[in-house]
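All heavy atoms count here, side chains included; hydrogens, waters and symmetry mates do not.
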Amino acid sequence: MSKNHAVQTPRAERWGSSLGVVLAVAGSAVGLGNFLRFPGQVVNHGGGAFMIPYVISLLIIALPISMTEWAMGRCGGRLGYHSPLGIYYAVSHKRTGWGICGGLAALAPFVINMYYIFVESWCLLYALQYLGGLLAPLGLSFSLFPHCEPGLYFTDASGYGEFFGSLVGISENGVLFRSFKSSPLILATLICAVANFALVYCGIAKGIERFCKIAAPLIILCSIIVIIRVVTLKNPTGAAGQSFLDGLGFMWNPTRDIIGENGEIIGRTNIWQALADPETWLAATAQIFFTVSICLGAISTYASYIKPKDDIALSSLTATSANEFCEVVIAGFMTIPPAIMFLGVQSASNLGSSFSLGFVVLPNVFGLMPFGQFFGFVFFSLLFLAAITSSMSLVQPTVALFQESFHWQRGSSVILAAFMNFIGSFIVCWYTQGLVALDVFDFWLANFTPIVFSIIQTSLIVFVWKLPALQAEIDSGARVRIPRLLGYVVKYVSFPYLVCIAVFWGVRNLGDRFNEIRSNHVAQLSLGFFVVLIVLLTLLSMIVMKRWEREEARHKAISGQTSQDQS
């Protein structure tokens with residue numbers, strides 16, 4: 001494939017170092033999905049029984065598909081493309097249909113960011129609220145909420161749930177815009193949005209990479225502080241048998257005792273029954289998609305800024321391994337054992353959602369823990385930093401798309417992306433009753449779309465780009481040799497597995513979701529917003545590819561005329 005001349009990038013951006021791109025890609029994956037969603041999935045799906053399909057999904061989905069996404073991203077970047085639209089267009093040998101799929105691939109990360117920064121602002125406010133209590137001995141205490149004392153501590157456990165509901169406006173739509181004095185959440189969301197777009201505006205090396213190099217050590221430091229506290233905890237509640245090892249065993253033992261409401265053993269879990277449940281496999285695979293950020297356009301976009309001869313094989317393995325370490329080891333240690341220790345297996349198993357674990361259950365644990373205000377501040381600071389590294393990666397694919405589509409500089413592209421992001425974020429921030437809008441955004445864009453595009457992207461790689469081209473791209477500049485078996489695993493194992501998961505997942509979830517759309521006007525509004533964006537991106541993709549074709553034809557004509565003149 002010849003060097004592309006349609007995309008004019010005289011000042012093509014590049015990562016400053018190999019470490020920088022690894023930290024950036026790992027940072028894009030290490031986020032709230034690691035520290036909140038993963039522990040929630042483990043607890044809600046049987047503990048250790050969930051880890052078996054999770055590890056299998058890691059081996060046959062995350063590792064191979066992540067590497068193929070790095071390969072197609074670097075291939076697109078070498079040909080002058082940095083957006084999902086351009087990368088799909090280049091890898092498919094400039095086929096319009098696949099280019100449109102690439103344009104739509106930019107939709108998921110962009111819309112996810114619209115609600116992700118809303119949740120990111122929760123982490124910021126929780127961290128600041130804990131800081132207000134932490135500074136009390138110095139006479140510098142403060143509270144961001146008039147109805148709450150400095151710090152975050154309630155004598156009644158139900159107070160944590162009420163605080164969270166009040167914070168996010170769960171009782172009524174539009175309440176956050178009518179209560180600036182009682183809740184600074186809108187202001188915090190605006191601050192998070194400005195921070196995200198400002199870092200992306202600074203560029204690949206000077207903005208995203210530089211911040212990730214600062215944030216990564218801080219995330220590790222905060223994690224170490226919390227883990228040391230968790231490992232050295234003694235359960236002050238006196239709950240029989242609930243120790244740190246009990247909490248760790250809940251996560252890793254495929255079979256365990258079932259504890260009744262009065263603390264007695266009433267049975268034992270059956271591992272084969274758990275593994276026979278399709279819901280366990282669906283949850284494990286969905287978690288892998290969410291946590292590794294595969295098929296969301298972020299990895300391929302980041303990889304497109306790698307130098308043509310830089311390694312991607314080792315970088316891919318390193319980034320995925322770093323993400324899994326943060327999720328399984330760090331997040332698993334920090335959240336599940338203390339929840340089991342202080343609340344017991346019965347209460348922790350009925351947490352309901354990942355939001356409940358992070359913003360209701362764990363604050364309750366910090367309230368019972370010695371020096372809980374300090375560790376609460378450290379934990380939510382960790383969440384906030386991890387959230388920013390992820391949300392930045394969700395913005396970059398759309399910025400790259402606008403740069404390529406309009407031949408704009410980064411600043412203009414960031415401004416347009418920020419404006420469109422504001423519209424979606426407004427919907428999420430206004431329709432907060434029951435968090436319905438956030439749930440619709442999360443389901444269709446963070447759960448449904450990655451599964452669909454995993455099949456589309458894998459089909460593109462194995463049936464259009466072909467396995468020899470994939471292997472050649474991976475081998476180019478590789479510091480470690482990846483066996484040729486990789487391509488066959490993707491084609492004959494990963495792809496069929498993805499199709500099966502998509503079918504089971506669709507049967508399990510889509511019926512209820514369509515019923516919700518028919519009966520809920522907020523769900524209808526949110527889905528209508530998605531449809532408008534899909535139409536706009538489709539039209540934009542078609543116009544841009546037609547222009548690329550004309551520019552390439554013009555270039556060939558000029559080159560041919562020059563050759564004739566020289567003859």
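Side-chain atoms of S66 never come within 3.5 Å of backbone atoms of L63 as a donor-acceptor pair (strictly under, hydrogens ignored). Within the 3.5 Å criterion, the main-chain N or O of C295 finds no donor-acceptor partner in the side chain of Q457. Using modelled atom types, one side-chain atom of E404 and one backbone atom of S83 make a donor-acceptor pair closer than 3.5 Å. Distance alone, capped at 3.5 Å, is enough to place a donor-acceptor pair between the D311 side chain and the R479 backbone. Proximity of a side-chain donor or acceptor of R210 to a complementary backbone N or O of A205 within less than 3.5 Å is not detected. Under a 3.5 Å cut-off, the side chain of R410 and the backbone N or O of V399 do not form any donor-acceptor pair. S316 contributes no side-chain N or O that, together with a main-chain N or O of A313, makes up a donor-acceptor pair within less than 3.5 Å. Between the S300 side chain and the E69 main chain, no donor and acceptor come within less than 3.5 Å of each other. One N or O on the side chain of S304 and one on the backbone of T301 form a donor-acceptor pair closer than 3.5 Å. Side-chain atoms of S425 never come within 3.5 Å of backbone atoms of F422 as a donor-acceptor pair (strictly under, hydrogens ignored).
To the nearest 0.5 Å, atom CE of residue M67 and atom CG of residue L314 are 8.5 Å apart. Taken from CZ in F110 to CE in M114, the straight-line distance is 4.0 Å, to the nearest 0.5 Å. Considering CE of M51 and OG1 of T280, their distance stands at 13.0 Å, rounded to 0.5 Å. Here the CG-OG distance, from D442 to S526, works out to 12.0 Å after rounding to the nearest 0.5 Å. Atoms CD1 and CE, from I474 and M72 in turn, are 12.0 Å apart once rounded to the nearest 0.5 Å. Distance CG/L23 to OG1/T318: 10.0 Å, rounded to 0.5 Å.
With contacts defined as side-chain heavy-atom distances shorter than 4.5 Å, the pair I61/I294 qualifies. Residues W15 and Y302 meet the side-chain proximity criterion, which asks for heavy atoms closer than 4.5 Å. With a 4.5 Å cut-off on side-chain heavy atoms, S412 and L416 do not count as touching. Inter-residue side-chain proximity for Y54 and Q41 is flagged as unmet; no heavy-atom pair is nearer than 4.5 Å. Using a 4.5 Å heavy-atom cutoff, the side chains of V119 and L438 are in contact. By the 4.5 Å heavy-atom criterion applied to side chains, I482 and L317 are counted as neighbours. Looking at L467 and L486, their side chains never come closer than 4.5 Å, going by heavy atoms from C-beta outward. Between W98 and S459, the closest side-chain pair of non-hydrogen atoms falls below 4.5 Å.
Sorted pairs that involve residues 533-543 and meet side-chain hydrogen bond (donor to acceptor under 3.5 Å, both in side chains), not counting sequence neighbours, are lacking altogether. Sorted by first and then second residue, the pairs that involve residues 518-545 and meet ring-ring contact (aromatic ring centres under 6.0 Å, His included), not counting sequence neighbours, are F441-F530.
More than 12 heavy atoms of other shown residues, nucleotides or ligands fall within 6.0 angstrom of atom CZ in F443. Atom CZ of F406 sits in a crowded spot, with more than 12 heavy atoms from other residues, nucleotides or ligands closer than 6.0 Å.
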Distance-only donor-acceptor hits, side chain of residues 192-201, under 3.5 Å, sequence neighbours excluded:
unit_1	atom_1	unit_2	atom_2	d
N196	OD1	S391	OG	2.3
N196	OD1	M392	N	3.3
N196	ND2	E120	OE2	3.1
N196	ND2	C192	O	2.7
N196	ND2	S391	OG	3.4

Would you be so kind as to tabulate the donor-acceptor pairs closer than 3.5 Å made by side chains of residues 26-34, with sequence neighbours excluded?
unit_1	atom_1	unit_2	atom_2	d
S28	OG	V25	O	2.6
N34	OD1	G31	N	2.8
N34	ND2	T291	OG1	3.1
N34	ND2	N323	O	3.4
N34	ND2	N323	OD1	3.1
N34	ND2	E327	OE1	3.3

Could you pull out all donor-acceptor pairs under 3.5 Å where a side-chain atom in residues 506-520 meets a protein atom, sequence neighbours excluded?
unit_1	atom_1	unit_2	atom_2	d
R508	NE	E279	OE1	3.0
N509	ND2	W505	O	3.0
R513	NH1	D439	OD2	2.7
R513	NH1	E516	OE1	3.2
R513	NH2	D439	OD2	3.3
N515	OD1	R518	NH2	2.1
N515	ND2	G511	O	3.2
S519	OG	N515	O	3.1
S519	OG	E516	O	3.3
N520	OD1	V522	N	2.8
N520	OD1	A523	N	3.2

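Y492 is linked by a ring-ring contact (aromatic ring centres under 6.0 Å, His included) to nothing, counting only residues two or more places apart in sequence or in another chain.
G20 approaches E209 most closely through the heavy-atom pair CA-OE2, 3.3 Å. Nearest heavy-atom pair across A62 and V292 is CB-CG2, 3.9 Å. Annotation for C429 and F118: closest pair SG-CD1, 3.6 Å, computed over non-hydrogen atoms. Across L470 and G487, no two heavy atoms sit closer than the pair CD2-CA, 4.4 Å. Here the shortest heavy-atom pairing between G76 and I87 reads CA-CG1, 4.3 Å. Nearest heavy atom pair, residue P64 against residue L58, reads CD-O, 4.4 Å.
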Derivation of the side chain to side chain contact (heavy atoms under 4.5 Å, CB included) call for R484 and D475:
CA-CA 10 Å; R484 295 188 179 278; D475 289 342; 4.1 Å; yes
request  = Take T285 and Y497 through the test side chain to side chain contact (heavy atoms under 4.5 Å, CB included) and record every step on the way to the result.
outcome  = CA-CA 10 Å; T285 306; Y497 181 84; 2.9 Å; yes
- Query: Stepwise, does the side chain to side chain contact (heavy atoms under 4.5 Å, CB included) test hold for L498 with F289?
  - Reply: CA-CA 11 Å; L498 288 171; F289 275 109; 3.3 Å; yes
Exercise. E549 and T96: side chain to side chain contact (heavy atoms under 4.5 Å, CB included), yes or no, with the steps?
Worked result: CA-CA 10 Å; E549 291 173 1; T96 302; 3.7 Å; yes
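Judged purely by distance below 3.5 Å, without hydrogens or angles, the side chains of Q287 and S57 never pair a donor atom with an acceptor atom. If you check the side chains of Y305 and Q396, you find a donor sitting under 3.5 Å from an acceptor.
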